[in-house]
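Here the structure comes first, spelled out in structure tokens, and everything after it is commentary.
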Number of protein chains: 2
Amino acid sequence: MKGIRQLAEHLQISTGTVSRALNGKADVNAETRRRVLEAAETLGYVPNQAGRSLRQGRSRTIGLMLSHDSMVGGASDTFFPLVINGLQEALSVHSLDLILLLCQRGEAPDDFLRRMVAQRIVDAMVISSTRLEDPRFPFLNKAGMPFVSLGRSHSATADNRWVDLDFEGIAERAVERLYQHGHRKIAVAAPDTDVQLAELFLDGYRRGLAHCGLDYDPDLVFRAEAHEQGGYAVGQRIIGLRNRPTAILLNAEMMSVGLYRSFGEAGLQPGRDLAIIAERESPVGRFLLPRLTCFRLDPIAVGQMLGKMLLSQLPAFADLYSDVPTTKIWPMELVEGESDPPPEKQSGLL
Amino acid sequence: MKGIRQLAEHLQISTGTVSRALNGKADVNAETRRRVLEAAETLGYVPNQAGRSLRQGRSRTIGLMLSHDSMVGGASDTFFPLVINGLQEALSVHSLDLILLLCQRGEAPDDFLRRMVAQRIVDAMVISSTRLEDPRFPFLNKAGMPFVSLGRSHSATADNRWVDLDFEGIAERAVERLYQHGHRKIAVAAPDTDVQLAELFLDGYRRGLAHCGLDYDPDLVFRAEAHEQGGYAVGQRIIGLRNRPTAILLNAEMMSVGLYRSFGEAGLQPGRDLAIIAERESPVGRFLLPRLTCFRLDPIAVGQMLGKMLLSQLPAFADLYSDVPTTKIWPMELVEGESDPPPEKQSGLL
DNA sequence: CTGAAAGCGCTTACAG
DNA sequence: CTGAAAGCGCTTACAG
């Protein structure tokens, strides 16, 4: 089956009527519609997207921009795929397709986005891996391309919609929990890039220290990349200290794998010799020994929220989603593992 | 800048000439071309894809179909992102864009593919996660959509192009290596789905046993899902045996995380109490203790090969890629870790 | 309720 | 070397 014209000829009616029948317009005879839908099904007719897009001025396709880093980093394990699932669920309600646009390693994210937007392949965008200052916000605002963002940025305006994880909150609570377990020398590891989440995590860390009456010591802040190698490097630096911290917060769970190894190599035991709380639950963390204490959230729900926020930005659906919040800091729940044993267990192990 | 018409009016020339200039046609005055390119750059004009696609009958976009599973499984760590990078590199030579089409959890892959093909959003497809019998092959063949596949299938015809990893070869070599280290009771863990790679891995395993004069024992074949939880389950089953294997091959490296934990919980030591060789190098495997012995390949090169194979399938580029092989079983190289110590070290540890 | 016709933005034979 | 014109496949006001 080639096009709507062939389908119309086969049915002996006009292409206009076929189009109206297929698109669920009200003013089509019930029997006509039945015949059209049946013939389309039988002959496997699906409208050519280019024709539709050109005529309608929109593509019914939403783009999710992913950077190479966001996939290779620890977030790739289950987080992004599940967020994407939630997104697709929310969008599929209105027959909107989601396509993933992967910015190549080395390609400037801003140029990439500019090209995608100019080509008008997508009607709206979801962006992620936001930075403190992120030119994609003003660019999309200026281009008039509806978008939502997974992640905050100073560059976001009051009109922009985003969902972000409560990095501040979990860092604060993690410090307080460790304090209650008797720790007084609590370190933190965060990426050294200008990714927004690192700063928020450090803010929460400082706030937690303040609540507990502990002094902030810049020597306890370890800058490292958010993966296994980064965690290994942090571990080695800690092991080399004369006066080691007794606990650490990791803002990326994959760091724990490297941190565990560095301790194991040195004959030290994670959990006993260094209490560890990491940012996000992951399959790997669940099967480390000791099991990682971390924070949990429902990535599918995050995706659904992002999808609804996006729909509220699209003229065609805005009315249906007027009650969707404009921004959301996503709460996370502590999952108790074995990597930050309370004091009684600590002494038991010692 | 809206369309080519506005750009043409601004330059006081026809849209045809503007189009020819932008598309690098030979028969355009050099000075005219310069003016057009400059104006397009200044005004930020990029052709509307829908218009181009409709007129040309092709979109210059290639689709990579990913299933939810292929992202959530261990392969998401660095393998797929790097393959994608290689693909993009190969395609970008000819200004072809790659978009990722993610089949939702629960959506039938065949329906999904059918819809994507019918919509004509992409000119060609890359498919992955092939199965023993995979209806996507006959479907794409029948639809006349050029494609390549990452993975073999019985459903592939002689005309179809694919790249696959040498699962058979590595399983065989792993058995032989373990035999040389003194192991006589060698187990294997493979997924219980009909993913092609599982069968190939088991074939290689059997071949390795035969070479070494060892009997095949179906009780040493552990079916488990290709992730941490699956590896944990395998570990527990092995620990419960009266007569344990002394070595195991894993066809998914993420299984090792769970396997390590199950052994650790039981007071056993992976490597010493069970030699382990896993299918693919990964950041996690590098930082496990003991470090995982596994097989390495260059995922970027795999992606580049897939890209070239695909280009050889496209009429516009076939001539340039006539020397590209039609199929390729990708060799992998052993990376010595600490999880399958040779006999002398084994006794040293005991 | 249906048909005839216009036109979305682009590229490309064709004429000059 | 350039312009005028056709037409890719679709949807949608408009007329009836």
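Note: hydrogens, waters and symmetry copies are ignored here, and every other heavy atom, side chains too, is used. We name chains A, B, ... by the order of the sequence lines, and we start the count at 1 in each one.
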Problem - Positions of residues 24-36 of chain B (non-hydrogen atom under 4.0 Å from DNA chain C), listed by number - result: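 Here the set is B/Lys25.
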Exercise for the section: With heavy atoms under 4.0 Å as the rule, sort A/Gly16 into base, sugar-phosphate or nothing. Expected result: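 If one applies the 4.0 Å heavy-atom cut-off, A/Gly16 turns out to touch a base.
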Problem - Sequence-distant partners of B/Arg115, salt bridge (Lys or Arg N to Asp or Glu O under 4.0 Å), two or more places apart - result: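 Residues passing salt bridge (Lys or Arg N to Asp or Glu O under 4.0 Å) with B/Arg115: A/Asp97, B/Glu107.
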Contacts of type side-chain hydrogen bond (donor to acceptor under 3.5 Å, both in side chains), residue [X], not counting sequence neighbours:
| X | answer |
| --- | --- |
| B/Ser14 | B/Thr17 |
| B/Ser19 | B/Asn23 |
| B/Ser312 | B/Arg161 |
| B/Glu38 | B/Arg34 |

Problem - Intra- and inter-strand pairs of DNA chain C in dot-bracket (Watson-Crick or G-U wobble, both distances under 3.5 Å; | for another strand) - result: |||.||||||||.|||
Problem - Start and end of the DNA chain D segment that chain A contacts, any atom under 4.0 Å from a heavy atom - result: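 Nucleotide range in contact with chain A: D/dG9 to D/dA13.
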Problem - SB check A/Asp27 A/Lys25 (cutoff 4.0 Å) - result: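 A salt bridge is absent here (no side-chain N lies under 4.0 Å from a carboxylate O).
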What donor-acceptor contacts under 3.5 angstrom involve side-chain atoms of residues 140-149 of chain B, with partners at least two apart or in another chain?
residue: B/Asn141; atom: OD1; partner: B/Asn160; partner atom: ND2; Å: 2.7
residue: B/Asn141; atom: ND2; partner: B/Phe137; partner atom: O; Å: 3.1
residue: B/Asn141; atom: ND2; partner: B/Asn160; partner atom: OD1; Å: 3.1
residue: B/Ser149; atom: OG; partner: B/Gly151; partner atom: O; Å: 2.4

Exercise for the section: For residues 98-120 of chain B, pull every pair meeting ring pair (Phe, Tyr, Trp, His ring centres under 6.0 Å), keeping only residues two or more places apart or in separate chains. Expected result: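 Those involving residues 98-120 of chain B do not exist here.
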Handout entry: Pairs meeting criterion side chain to side chain donor-acceptor pair (under 3.5 Å) with involvement of residues 54-64 of chain A, two or more places apart
Key =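 Output for this query lists A/Ser59-A/Asp123.
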Practice task
Please collect all side chain to side chain donor-acceptor pair (under 3.5 Å) contacts where either partner lies in residues 315-325 of chain B, sequence neighbours excluded, each pair once.
Solution key: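 Checked against side chain to side chain donor-acceptor pair (under 3.5 Å) - neighbours excluded - the pairs reaching residues 315-325 of chain B are B/His94-B/Tyr321.
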